[in-house]
Protein chains: 4
Amino acid sequence: MTGQTKGPVAGRRADAVRNRARVLAAAEEVFDRLGGTASTAEIARVAGVGIGTVFRHFPTKQDLLAAIVKERLDRLWVEAEDLVAGDDPEAFFVFFRRLVRQSAGKKSIVDALAQEGVGLRADKPIGTLQRLIEPLLTRAKAAGLVRADAELPEVMGVLTGTCQAALGAGWDEDLQARVLDIVFTGLRPR
Amino acid sequence: MTGQTKGPVAGRRADAVRNRARVLAAAEEVFDRLGGTASTAEIARVAGVGIGTVFRHFPTKQDLLAAIVKERLDRLWVEAEDLVAGDDPEAFFVFFRRLVRQSAGKKSIVDALAQEGVGLRADKPIGTLQRLIEPLLTRAKAAGLVRADAELPEVMGVLTGTCQAALGAGWDEDLQARVLDIVFTGLRPR
Amino acid sequence: MTGQTKGPVAGRRADAVRNRARVLAAAEEVFDRLGGTASTAEIARVAGVGIGTVFRHFPTKQDLLAAIVKERLDRLWVEAEDLVAGDDPEAFFVFFRRLVRQSAGKKSIVDALAQEGVGLRADKPIGTLQRLIEPLLTRAKAAGLVRADAELPEVMGVLTGTCQAALGAGWDEDLQARVLDIVFTGLRPR
Amino acid sequence: MTGQTKGPVAGRRADAVRNRARVLAAAEEVFDRLGGTASTAEIARVAGVGIGTVFRHFPTKQDLLAAIVKERLDRLWVEAEDLVAGDDPEAFFVFFRRLVRQSAGKKSIVDALAQEGVGLRADKPIGTLQRLIEPLLTRAKAAGLVRADAELPEVMGVLTGTCQAALGAGWDEDLQARVLDIVFTGLRPR
DNA sequence: AATGAATGAGGCTTCATTCAT
DNA sequence: TATGAATGAAGCCTCATTCAT
């Protein structure tokens, strides 16, 4: 039935990996579009696989949601690494702005930030994000770009809030800039 | 109908009024706790009425959600009126802080702010809120307490963001204060 | 509250009687329009009474349906009596035609004929109708206007069938006449 | 899809096909017995499948009803084709009689005739039936077996009426024959 | 006797999850 | 391993009927 050569070890495994990726991508798209109540069937349809395949890779809808969040955090991590590796003290603001921009229209990234709904006890996304942001914040403070008394918790609070609002309202570029101007002003030293 | 005072109303009507209130209260509690996907049955249980009673008063789940939002906005409106009536230029910050405080742990008030989920074609909650806040903001700007270039849209953005974050994270008093300090600093003139 | 004079014995009773009639009339109208699945509430609304009143007079929806049927049969009976009392041998056809005409658009009269749905074990509407039609048929046969071998059961069959079809299809005058022409031809002696 | 014979189909598909048929059969039985208001659950029970299966195959109760009607019309169509293909001028009467016989005790075939209840915007059952009967009628008239002035509409009227009556009353063979004798006499030339 | 609010069983439908192929 | 049919719990809503006023 599969007909192909059984050649290089991979064989079936390759399909599985590809399918997993497809499902993840589809889920991201669908959840971003319809929110976490979107049906698993819709995801399977978008992914172009059977619904059984979805559940083979992610035994539970929760698992799927969690996987998306993890995936996004991983991606953010990668994006953040360059910034962390570099020594630009403005990196904190760059990353902040980037998060907000990505949030517009993407429910799942916001969920990642807010751990809302999803029972993500396992991965502590907030914690992960914090670990990403902490060094950037520290450096920005050291450079005198962020007020000295701003601690991580309230910075995270402002960040998640801004991202959530950006999501819900579908801000345009201009409004994003204006909101960030307020927030960044609040973060900088007087 | 009777044209009299709207007081306790006569006959059975009293029970109906009481039940309507009970359902509304239960719905508020349940939706705040479980989000908008909570079941109607759960609400009926909490309200201590039959499920039919819930639907008699609110023919649709949407209607119930909308009623809660409206109720909350009405309450906010009342609260805001005093502030508007007075002449304290700090009233803007007072109201802002109050909203954030109330949002902690209350999903539906945040929904009211974000108009998310609820199909509130009728009342445009954001619009309503804006009308509440606009005069306060104007006055604060006139008094030099808010930077002159802060327009309503970005102020609303910061406000809803902060409320949403407060909701999701269940901030304690202290964290709330620290976040607000950042935000308010960003809003004040340099 | 009632305020009126307690005068002539009737008093409350009169209201009750009037209400019963109203409900019956409303039910007839509603069931004819919407069929037997129409809601009791709709009937109360049309009758202009509380739903409790409907159930006071007719403890069950079935009872209401049955009462309508009975009412209609009673009316038919009255209509038939003149015909029976007279000696026109064509009376059979007159009555037949009248039934069909009344059936168009009136679900309940047809139900009366077909005893369908309603659990009318009590009154045997068919039986009642048969008792109405039997003498007319007999006379028509005696006068040589109906074939001698046509017995009551098949005559009733043709009658109910024609009425049911008239109901469902909403025949106009012309079509009614054409169908009846076929049926009557079948009934007359060759 | 496979392009092959429509035979037993491969894989699970076979079960699905069988289940679809079972559901259809059950629905036919149940609706014939209890009318169109019978519950979907009852159908699932009779079919011996889960209720979800019913809805997988027929997303709506309406769809199920419609499918039954369509199925019946298809079957009638097949039955009629032979008659149409042949040249027996009595075929009209044969088909008429067959319809009436099948109607006894089968609510859904009658619904098909009367298009009642079922929202069959798509197929216009009456229209379909008419197309079946028209050629038979024409031929019978040409052969002088049906009076020349009998047009299709009134013939359909008599037909549906007789079928409906047969349904409601549960006629036995003998009564059917006697009714049909009257109707057929009415249809034949004097 | 009239009213209409309350009740809850029951109907239709969705959807996460399981399982046979 | 992939598939998609099957399952049934659960959700929303309707409506006949009861009951307090």
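Lettering of chains follows the sequences in order, A, B, ..., and the numbering in each one begins at 1. Below, all heavy atoms of this structure are taken into account, side chains as well, without hydrogens, waters or symmetry copies.
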Self-check item: For the student: nearest non-hydrogen atoms of I51(B) and A44(B), plus distance
Solution: CA-CB, 3.8 Å
Quiz prompt | Nucleic acid contacts of residues 37-50 of chain A, taken as heavy-atom distances under 4.0 Å to DNA chain E | solution = A38(A), S39(A), T40(A)
Quiz item: To the nearest Å, how far apart are H57(D) NE2 and dT13(E) P?
Solution: 16 Å
Quiz item: Do you know which two heavy atoms are closest between V46(D) and A26(D), and how far apart they sit?
Solution: CG1-CB, 3.7 Å
Quiz item: For the side chain of I51(A), counting heavy atoms from C-beta on, which of dT17(E), dC13(F), dG4(E) is nearest?
Solution: dT17(E)
Quiz item: Taking NZ, NE, NH1 and NH2 as the nitrogens, is one of them in E28(A) or K70(A) under 4.0 Å from a carboxylate oxygen of the other?
Solution: no
Exercise. Using atom CG of L65(D) as one end and atom P of dT13(E) as the other, report the distance to the nearest whole Å.
Key: 11 Å
Self-check item: Contacts of type side-chain hydrogen bond (donor to acceptor under 3.5 Å, both in side chains), residue D63(C), not counting sequence neighbours
Solution: none
Self-check item: Which nucleotides of DNA chain F pair, in dot-bracket form (Watson-Crick or G-U under 3.5 Å, | meaning another strand)
Solution: .||||||||||||||||||||
Self-check item: Interatomic distance where CG belongs to L64(C) and P belongs to dT17(F) [whole Å]
Solution: 10 Å
Self-check item: Residue whose nearest DNA chain E nucleotide is more 5′ - G52(C) or V54(B)
Solution: G52(C)
Exercise. Check whether any side-chain heavy atom of F58(D) lies under 4.5 Å from a side-chain heavy atom of L24(D), and answer yes or no.
Key: yes
Quiz item: What nucleotide, of dA2(F), dA6(E), dA2(E), holds the atom closest to the side chain of A16(B)?
Solution: dA6(E)
Self-check item: Options dT17(F), dA5(E), dT18(E), nucleotide nearest the side-chain atoms of R56(B)
Solution: dA5(E)
Practice problem: Please figure out whether P59(C) or K61(B) has its closest DNA chain F nucleotide nearer the 5' end. | Solution: K61(B)
Quiz item: Please give, in whole Å, the distance from dA20(E) P to R18(D) CZ?
Solution: 14 Å
Exercise. Would you please name every residue forming a side-chain contact (heavy atoms from CB on, under 4.5 Å) with R56(B), sequence neighbours left out?
Key: none
Which pairs of donor and acceptor atoms, one on a side chain in residues 35-42 of chain B, lie under 3.5 Å apart (sequence neighbours left out)?
residue	atom	partner	partner atom	Å
S39(B)	OG	A41(B)	N	3.4
S39(B)	OG	E42(B)	N	3.0
E42(B)	OE1	R45(B)	NH1	2.5

Exercise. Measure the distance from CZ on F55(A) to C1' on dA6(F) and round it to the nearest whole Å.
Key: 14 Å
Exercise. Go through the steps for K61(C) and F55(C) under the test side chain to side chain contact (heavy atoms under 4.5 Å, CB included), then give the verdict.
Key: CA-CA 8 Å; K61(C) 200 185 182 184; F55(C) 277 87; 5.6 Å; no
Exercise. Return the set of residues passing side-chain hydrogen bond (donor to acceptor under 3.5 Å, both in side chains) with R18(D) (not counting sequence neighbours), or none when no residue passes.
Key: D15(D)
Quiz item: Rounded to the nearest Å, what distance is computed from the CG atom of residue D63(B) to the C1' atom of nucleotide dC12(F)?
Solution: 13 Å
Quiz item: Between N19(A) (CG) and dA2(F) (P), how many Å, whole number?
Solution: 5 Å
Quiz item: Starting at CZ of F58(A) and ending at P of dT18(E), how long is that distance when rounded to a whole Å?
Solution: 16 Å
